[in-house]
Asker: 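Got a structure here, written out as structure tokens. Questions coming.
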Amino acid sequence: MKDILSVSFLALFLISVISCNCFYMYQNADYIYSTVDSISKEEDSEETISALETFWKDNKKYIALSVGFQEIDKIEDLISNLRSAYDSANAEELEKTKALLKNASRLLTRYERFHLENLL
């Protein structure tokens with residue numbers, strides 16, 4: 001009886017941790033997506049890009065617990081490219097980088113979905 005209780009508690013604890021991680025990853029992906037989506041050349045987006053860079057610097061170590069380093073490096077490179085495209089006033093490059101970064105933010109949650117391929 002004691003073993004069943006211990007196993008049940010451990011299973012409940014693991015499900016809770018997985019659920020919290022899932023919520024955290026979705027929250028981060030949504031923040032990145034919405035922040036990048038709000039950046040435009042017509043408006044002054046300097047503060048928005050700085051906020052995104054600060055957010056990424058503060059949270060990437062926690063995101064790296066769930067996502068591979070290739071994805072982390074890709075997003076970091078895209079944020080850097082976003083900054084340089086904005087600073088150089090290259091509207092075409094800015095829109096391209098925004099699209100890539102929004103796609104990459106959605107890929108952060110790829111392993112958090114409840115699909116058979118993630119379980120295998």
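What you see is a predicted model, and the numbers here were worked out from it, not measured in a lab. We use all heavy atoms of the structure for the numbers below, so side chains are in, but hydrogens, waters and symmetry mates are not.
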Asker: Does Lys74, at its NZ atom, have more than 12 non-hydrogen atoms belonging to other residues, nucleotides or ligands within less than 6.0 Å?
Answerer: no
Asker: Among residues at least two apart in sequence or on other chains, which ones pass side chain to side chain contact (heavy atoms under 4.5 Å, CB included) with Asp30?
Answerer: Arg106
Asker: For Glu76, what residues pass the salt bridge (Lys or Arg N to Asp or Glu O under 4.0 Å) criterion, not counting sequence neighbours?
Answerer: Lys60
Asker: Clusters formed by hydrophobic residues whose side-chain heavy atoms approach within less than 4.5 Å: which one holds Phe23, and what are its other members?
Answerer: none
Asker: Drop me the distance from Thr97's OG1 to Glu92's CD, to the nearest 0.5 angstrom.
Answerer: 10.0 Å
Asker: Under the rule for side chain to side chain donor-acceptor pair (under 3.5 Å), what residues qualify as partners of Glu95, not counting sequence neighbours?
Answerer: none
Asker: Return the set of residues passing side chain to side chain contact (heavy atoms under 4.5 Å, CB included) with Asp73 (not counting sequence neighbours), or none when no residue passes.
Answerer: none
Asker: Partners of Asp87 by salt bridge (Lys or Arg N to Asp or Glu O under 4.0 Å), sequence neighbours excluded?
Answerer: Arg83
Asker: Distance-only criterion, 3.5 Å: show the donor-acceptor pairs between side-chain atoms of residues 5-17 and protein atoms not counting sequence neighbours.
Answerer:
from: Ser6; atom 1: OG; to: Lys2; atom 2: O; distance (Å): 3.0
from: Ser8; atom 1: OG; to: Ile4; atom 2: O; distance (Å): 2.8
from: Ser16; atom 1: OG; to: Leu12; atom 2: O; distance (Å): 2.9

Asker: Hey, does the side chain of Ser50 reach the backbone of Glu47 with a donor-acceptor pair shorter than 3.5 angstrom?
Answerer: no
Asker: Under the salt bridge (Lys or Arg N to Asp or Glu O under 4.0 Å) rule, collect the residues that match up with Asp77, sequence neighbours excluded.
Answerer: none
Asker: Could you measure the distance from the CZ atom of Arg110 to the OG atom of Ser66? Nearest 0.5 Å is fine.
Answerer: 12.5 Å
Asker: Scan residues 17-29 for pairs that pass salt bridge (charged side-chain N to carboxylate O under 4.0 Å, His left out), counting only residues two or more places apart or in two chains.
Answerer: none
Asker: Mind checking salt bridge (Lys or Arg N to Asp or Glu O under 4.0 Å) for Lys96 and listing every partner two or more places apart, or none if nothing turns up?
Answerer: none
Asker: Kindly give the heavy-atom pair with the smallest separation between Ser45 and Ser38, and that separation in Å.
Answerer: OG-O, 4.2 Å
Asker: For Leu52, what are the other residues in its hydrophobic cluster, where any two members join if their side-chain heavy atoms are less than 4.5 angstrom apart?
Answerer: Tyr24, Met25, Tyr31, Ile32, Val36, Ile39, Ile49, Phe55, Trp56, Tyr62, Ile63, Val67, Ile72, Ile75, Leu78, Ile79, Leu82, Tyr86, Leu94, Leu100, Leu101, Leu108
Asker: Check Asp37 with Lys98, please: is the shortest side-chain N to carboxylate O separation under 4.0 Å?
Answerer: no
Asker: Under the salt bridge (charged side-chain N to carboxylate O under 4.0 Å, His left out) rule, what pairs show up with a residue in residues 4-16, not counting sequence neighbours?
Answerer: none
